[in-house]
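Below: one structure, written as structure tokens.
In what follows, chains are A, B, ... by sequence order, proteins preceding strands, each numbered from 1.
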Amino acid sequence: MAGNAQESIVEEDGSILAHAEEMVRAIKQGDEEQVKSMLEYISLAREGGLYNEVGKMARQLHDAMDTFCQETRIDELAEDAIPDARTRLRHVITLTQSSADRSLTAVENTLPKCDSLSGRIDELGKSWQNFKKREMSVEQFRELSASLETFFVEAEKETGDIRAGLNEIMMAQDFQDLTGQIITRVIELVEEVEGNLVDLVRLTGERLVNPYEKKEKTEKSGVEAEGPQVPGAASKTAVSGQDEVDDLLSSLGF
Amino acid sequence: MNKEMKILIVDDFSTMRRIIKNLLRDLGYTNTQEADDGLTALPILQGGGFDFLVTDWNMPGMQGIDLLKAVRADGNLASLPVLMVTAEQKREQIVEAAEAGVNGYIVKPFTAQTLKEKIDKIFERIEAGS
């Protein structure tokens with residue numbers, strides 16, 4: 001290979017100097033052939049040095065990239081963490097959507113009950129006013145008395161339903177805690193990716209001028225808090241719901 | 001069961017604290033106080049007067065599991081009933097909480113019915129044991 005030949009030329013100490021001296025001598029003597037030959041030798045040697053330098057840079061960059069990949073968890077980020085974050089964010093959409101649906105359904109079911117209650121209160125109020133003004137026959141009074149009795153029973157049931165609807169809306173807000181935890185984790189991931197990108201830019205821009213701080217690998221212990229489990233990204237040891245929690249606890253004597 | 005008992009609700013998300021507070025009120029427990037993590041909860045508990053602790057696990061500052069351990073290690077609080085209400089649902093975590101002396105464990109999202117059942121069960125056991 002030409003490259004190898006050139007490298008060996010450069011590595012020979014003094015060989016360029018010797019050839020330069022020979023060239024000067026040849027110029028003085030007017031030996032055109034010898035001048036050309038020496039010039040060619042020297043320029044080849046110069047190119048060889050350049051190739052050699054480029055080769056060294058490529059090796060250093062390669063080594064630096066290797067170290068970078070080992071010391072950051074860039075592979076893991078690309079292969080696991082980013083897809084995992086996508087799954088988590090999709091789960092946030094699912095949770096917020098289901099919460100909005102639950103709340104709206106509860107409102108839709110509750111509002112007509114309020115309307116019907118207030119309608120009947122209005123009706124009974126009018127009859128009551130008639131009664132007070134003594135504009136009421138005995139027959140009408142019997143009717144009023146009967147509808148009041150029905151109203152008391154129904155009103156109790158319906159205010160119970162309204163209460164249940166309001167409770168349902170309240171419980172639907174539980175998404176905020178769960179999505180908050182999930183999004184906080186994704187923000188942490190984005191920060192890590194950002195840090196790695198800055199490192200990468202510095203690495204390719206400065207060719208490893210700065211020594212790398214060894215990043216501590218965070219080993220996750222089994223009991224470390226990790227927030228809500230997300231469908232599709234759930235831990236293998238996660239239970240699937242309250243029933244399994246109860247079973248597990250009862251197996252422990254609870 | 002004593003509806004007047006004083007309950008501390010610990011969760012870093014105010015929405016969840018409000019939900020738990022409202023559910024407890026619905027069950028007849030109106031004497032509640034709130035804290036947003038273990039670090040703020042512990043001095044409140046040490047101030048005395050609490051009969052029941054409801055805590056999340058995953059919180060900044062001091063986590064719920066560490067709050068539970070701190071409670072059990074404190075002579076004055078050691079027997080305080082503790083209910084964990086958390087999104088943490090790995091088996092080893094539940095076992096850890098059980099070993100640390102938790103009285104009940106609810107995974108989020110949960111229902112009002114579950115909360116009622118667990119609270120009833122905790123105090124039935126305590127009354128049976130005493």
Return the CZ to CD distance between B/F13 and A/Q176, rounded to the nearest 0.5 Å. 5.5 Å
Kindly check if the number of other-residue, nucleotide or ligand heavy atoms within 6.0 Å of NZ (B/K116) is above 12? no
Is atom NZ of A/K132 surrounded by more than 12 heavy atoms (other residues, nucleotides or ligands) closer than 6.0 Å? no
Enter the distance from A/Q181:CD to B/D56:CG here, rounded to the nearest 0.5 Å. 6.0 Å
Can you establish whether the number of heavy atoms outside A/E156 located under 6.0 Å from its atom CD is more than 12? no
Chain B contact via A/E244 - side chain, backbone, both or neither, heavy atoms under 4.5 Å: side chain
Residue B/A97 versus chain A: region with a heavy atom under 4.5 Å: neither
From the list B/M59, B/R18, B/E99, B/K108, the residue making the most non-hydrogen contacts under 4.5 Å with chain A is B/K108
Rounded to the nearest 0.5 Å, what's the gap from NZ on B/K90 to OG1 on A/T237? Could you check? 4.5 Å
Check each atom of B/Q63 against the heavy atoms of chain A and say whether the ones under 4.5 Å are side chain, backbone, both or neither. side chain
Which residue is it: B/V107, B/T114, B/T86? I am looking for the one with a side chain to side chain contact (heavy atoms under 4.5 Å, CB included) to A/V245. B/V107
Applying a strict 4.5 Å limit to non-hydrogen atoms, the region of A/S235 in contact with chain B is side chain
Rounded to the nearest 0.5 Å, what separation is found between the NZ atom of B/K121 and the CZ atom of A/F254? 9.0 Å
Decide side chain to side chain contact (heavy atoms under 4.5 Å, CB included) for A/R185 and B/N58; before the verdict, give the C-alpha distance in whole Å, the side-chain angles of both, and the deciding distance to 0.1 Å. CA-CA 12 Å; A/R185 274 170 192 278; B/N58 190 12; 3.8 Å; yes
A/E226 side chain vs B/E88 backbone, donor-acceptor pair below 3.5 Å: no
How long is the span from the OH atom in B/Y105 to the CD atom in A/Q242, to the nearest 0.5 Å? 9.5 Å
Does B/K21 have more than 12 heavy atoms from other residues, nucleotides or ligands lying within 6.0 Å of its NZ? no
Under a 4.5 Å cutoff for heavy-atom pairs, which residue among B/V95, B/D26, B/T111, B/D11 has the most contacts with chain A? B/D26
Select, from B/L23, B/N103, B/T15, the one with the greatest count of heavy-atom pairs under 4.5 Å involving chain A. B/T15
Tell me, yes or no, whether the heavy-atom count around A/Q97 atom CD, taken from other residues, nucleotides or ligands under 6.0 Å, exceeds 12. no
Determine, stepwise, if the pair B/I94 / A/L249 fulfils side chain to side chain contact (heavy atoms under 4.5 Å, CB included). CA-CA 8 Å; B/I94 299 162; A/L249 286 177; 3.7 Å; yes
